[in-house]
> 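My structure is below; once you've seen it, I'll send some questions.
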2 protein chains.
Amino acid sequence: MLKEERQQILLNEVELHNRILLTDIAESLDVSIDTIRRDVKELDAENKLKKVHGGAISLGFTNSNSRNTNIYALEEKVIIAQKAVTLLKDGAVIFIDGGTTCMELVRLIPDNLNLTCFTISLPVAMELSHKPNVTVISIGGQISKEAQISIGANAIHNLSEIRVDYSFIGTGYVDAVYGLTEFDWDIVQVKKAVIKAAKKTVLLSISEKLNSQHRYKTCDINTINTMITELEPSDRMLEVFRNCDIRIL
Amino acid sequence: MLKEERQQILLNEVELHNRILLTDIAESLDVSIDTIRRDVKELDAENKLKKVHGGAISLGFTNSNSRNTNIYALEEKVIIAQKAVTLLKDGAVIFIDGGTTCMELVRLIPDNLNLTCFTISLPVAMELSHKPNVTVISIGGQISKEAQISIGANAIHNLSEIRVDYSFIGTGYVDAVYGLTEFDWDIVQVKKAVIKAAKKTVLLSISEKLNSQHRYKTCDINTINTMITELEPSDRMLEVFRNCDIRIL
DNA sequence: ATATATTTTGCTGTTTTTTGCAATTTTAAA
DNA sequence: TTTAAAATTGCAAAAAACAGCAAAATATAT
């Protein structure tokens with residue numbers, strides 16, 4: 001295999017998942033980890049990606065949620081997404097939030113599934129548009145440069161005029177007592193509108209975010225109808241949430 | 001075997017597989033590896049492929065795979081985009097259409113320029129969101145899978161409520177007599193709304209599209225205030241347009 | 001046709017690049 | 001703090017590139 005090939009595969013993987021683990025790539029390409037490490041170092045020097053401890057992340061991703069995002073959590077997010085797709089019924093009308101976990105959900109939507117999807121996220125809309133049987137409706141508004149989602153009064157107004165079966169949302173922080181919270185005020189406002197626009201709200205959150213909180217509150221925990229984490233529903237970490245009238249997958 | 005023959009086989013292989021290994025080719029053509037090495041060196045010098053350690057890769061290898069930049073008529077589109085950026089004034093409020101030519105315009109927007117940009121295109125919105133001093137507003141609506149732009153009643157309604165200084169638009173076909181035309185009815189409707197929303201409309205079009213027409217009409221040619229092609233304004237191909245009260249760049 | 005020049009090709013030894021390994025240092029998580 | 005994973009460094013083996021040379025093939029001139 002040519003070096004260029006390998007590096008191209010690296011870039012594709014980074015672009016696809018926003019992040020890679022050196023060990024995973026080394027194993028799947030059957031080369032030593034040192035080789036991958038050197039490749040990543042070169043690509044970083046060429047400004048094609050950003051090297052981080054243990055892996056690499058895409059450039060567009062560096063400034064966005066760097067502190068909020070753990071490159072190791074890819075597997076967890078895929079597990080969550082796999083659970084979430086089981087909720088999708090043919091012909092459903094749903095909303096999909098931005099964020100990497102929701103993005104994994106979108107990638108796992110089977111090609112034969114008929115859906116109508118609303119979203120505020122530009123990357124999600126782009127990815128959805130490749131699904132042949134999904135009708136995509138983008139919610140317009142001012143674009144948040146960090147999150148690449150529509151925010152502001154216009155987005156909220158547009159959301160006020162729709163009603164979907166399910167909303168699949170992410171959150172910055174979640175806690176049984178303080179509910180869903182965010183770092184950013186504008187994002188909270190949009191999320192509130194998203195929740196209001198849905199008959200049922202499904203929260204996708206890696207366990208790492210459980211029992212954490214921040215400045216601004218999106219909603220109480222019992223506003224959420226279903227919570228999906230990568231943990232087993234019986235995990236004792238989820239005990240506090242089990243008393244909140246939430247279905248846990 | 002003739003040298004030219006061998007080099008043509010090399011190029012075909014590169015085109016077909018995007019990459020070749022010198023050892024493989026040498027073996028399958030039953031010549032020494034040095035010969036292949038020399039061939040590749042020549043072809044590289046002629047810019048027919050790119051020589052790398054151990055083999056060769058096709059010229060578009062790095063670009064085409066990572067970014068989906070359509071290299072078709074790229075040169076011309078960059079020239080057009082360069083002319084278009086000169087129209088951008090600090091603090092302007094503009095609309096940018098979808099399409100590869102408009103995408104090039106976005107890429108050339110200088111980082112220090114303050115702008116407010118409306119767009120119906122998902123890729124344009126994504127690219128714009130990387131510009132630090134550009135406020136991006138995405139016009140929502142149903143997403144056209146082919147064009148990756150918002151179409152439909154909602155998009156048109158949203159456009160009806162804005163008024164920008166300049167609209168930069170592309171078109172499928174343009175003709176002095178038949179005006180701007182498209183293959184797709186829905187896209188025509190959105191473009192009409194875009195033009196209505198702008199004080200001045202700037203058409204970006206490669207010369208290849210001049211004097212071509214299709215089924216559905218967006219607008220008359222004199223609705224356009226400025227037309228930008230990659231040709232010199234004095235080019236005789238533009239003569240027919242010069243009588244239409246259009247500024248030609 | 002013959003001799004000469006030019007190009008092409010394969011071979012040899014040398015240099016460079018790539019890659020994997022081991023020892024050590026650094027980093028980050030418990 | 002402790003500990004495990006990851007990064008770094010130096011090194012050596014293997015693969016590839018390179019330069020120079022000579023033989024073979026082709027072209028050109030006499």
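So you know, we letter chains A, B, ... as the sequences are listed, proteins then strands, and number each from 1. What you see is a predicted model, and the numbers here were worked out from it, not measured in a lab.
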> Just grab all the salt bridge (charged side-chain N to carboxylate O under 4.0 Å, His left out) pairs involving residues 134-143 of chain A, residues at least two apart or on different chains.
none
> Once rounded to the nearest 0.5 Å, what's the spacing between atom CD1 of B/I80 and atom OG1 of B/T101?
5.5 Å
> Measure from CD1 on A/I20 to P on D/dA6 and round the result to the nearest Å.
13 Å
> Show every ring-ring contact (aromatic ring centres under 6.0 Å, His included) that has at least one partner inside residues 216-249 of chain A, sequence neighbours left out.
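Passing the test, one end in residues 216-249 of chain A: A/W185-A/Y216.
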> Rounded to whole Å, how long is the line connecting atom CD of A/E27 with atom P of D/dA6?
12 Å
> Please identify each residue that fulfils ring pair (Phe, Tyr, Trp, His ring centres under 6.0 Å) with A/H17, with sequence neighbours left out.
none
> Write down the distance between CG (A/D24) and P (D/dA5), rounded to a whole number of angstrom.
15 Å
> Quick one: salt bridge (charged side-chain N to carboxylate O under 4.0 Å, His left out) pairs with a partner in residues 212-225 of chain A, sequence neighbours left out?
A/K217-A/D220
> With a non-hydrogen cut-off below 4.0 angstrom, is B/V52 in contact with a base, only sugar-phosphate, or nothing?
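Sugar-phosphate, backbone atoms only, no base.
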> Once salt bridge (charged side-chain N to carboxylate O under 4.0 Å, His left out) is applied, what residue pairs with a partner in residues 94-110 of chain A remain, sequence neighbours excluded?
A/D97-A/K191, A/E104-A/R107, A/R107-A/E127
> Angle between the two end axes of the helix from C/dA1-D/dT30 to C/dA30-D/dT1, five base pairs per end, rounded to 10 degrees?
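That helix has its two terminal axes inclined by roughly 40°.
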> Quick one: salt bridge (charged side-chain N to carboxylate O under 4.0 Å, His left out) partners of A/K89, sequence neighbours excluded?
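Partners of A/K89 under the salt bridge (charged side-chain N to carboxylate O under 4.0 Å, His left out) test: none.
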> Quick one: side chains of residues 25-33 of chain B, donor-acceptor pairs under 3.5 Å with protein atoms, not counting sequence neighbours, listed by atom name and distance.
{"unit_1": "B/S28", "atom_1": "OG", "unit_2": "B/D24", "atom_2": "O", "d": "3.4"}
{"unit_1": "B/S28", "atom_1": "OG", "unit_2": "B/I25", "atom_2": "O", "d": "3.2"}
{"unit_1": "B/S32", "atom_1": "OG", "unit_2": "B/D34", "atom_2": "N", "d": "3.3"}
{"unit_1": "B/S32", "atom_1": "OG", "unit_2": "B/T35", "atom_2": "N", "d": "3.3"}
{"unit_1": "B/S32", "atom_1": "OG", "unit_2": "B/T35", "atom_2": "OG1", "d": "3.2"}

> What does the B/S/- profile of nucleotides 5-12 of chain C look like, 5' to 3', with a 4.0 Å heavy-atom cutoff to protein?
---SBBB-
> If you find the nucleotide of DNA chain D closest to B/H53 and the one closest to B/K41, which residue's nucleotide is nearer the 5' end?
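By nearest-heavy-atom nucleotide position, the 5'-most residue is B/H53.
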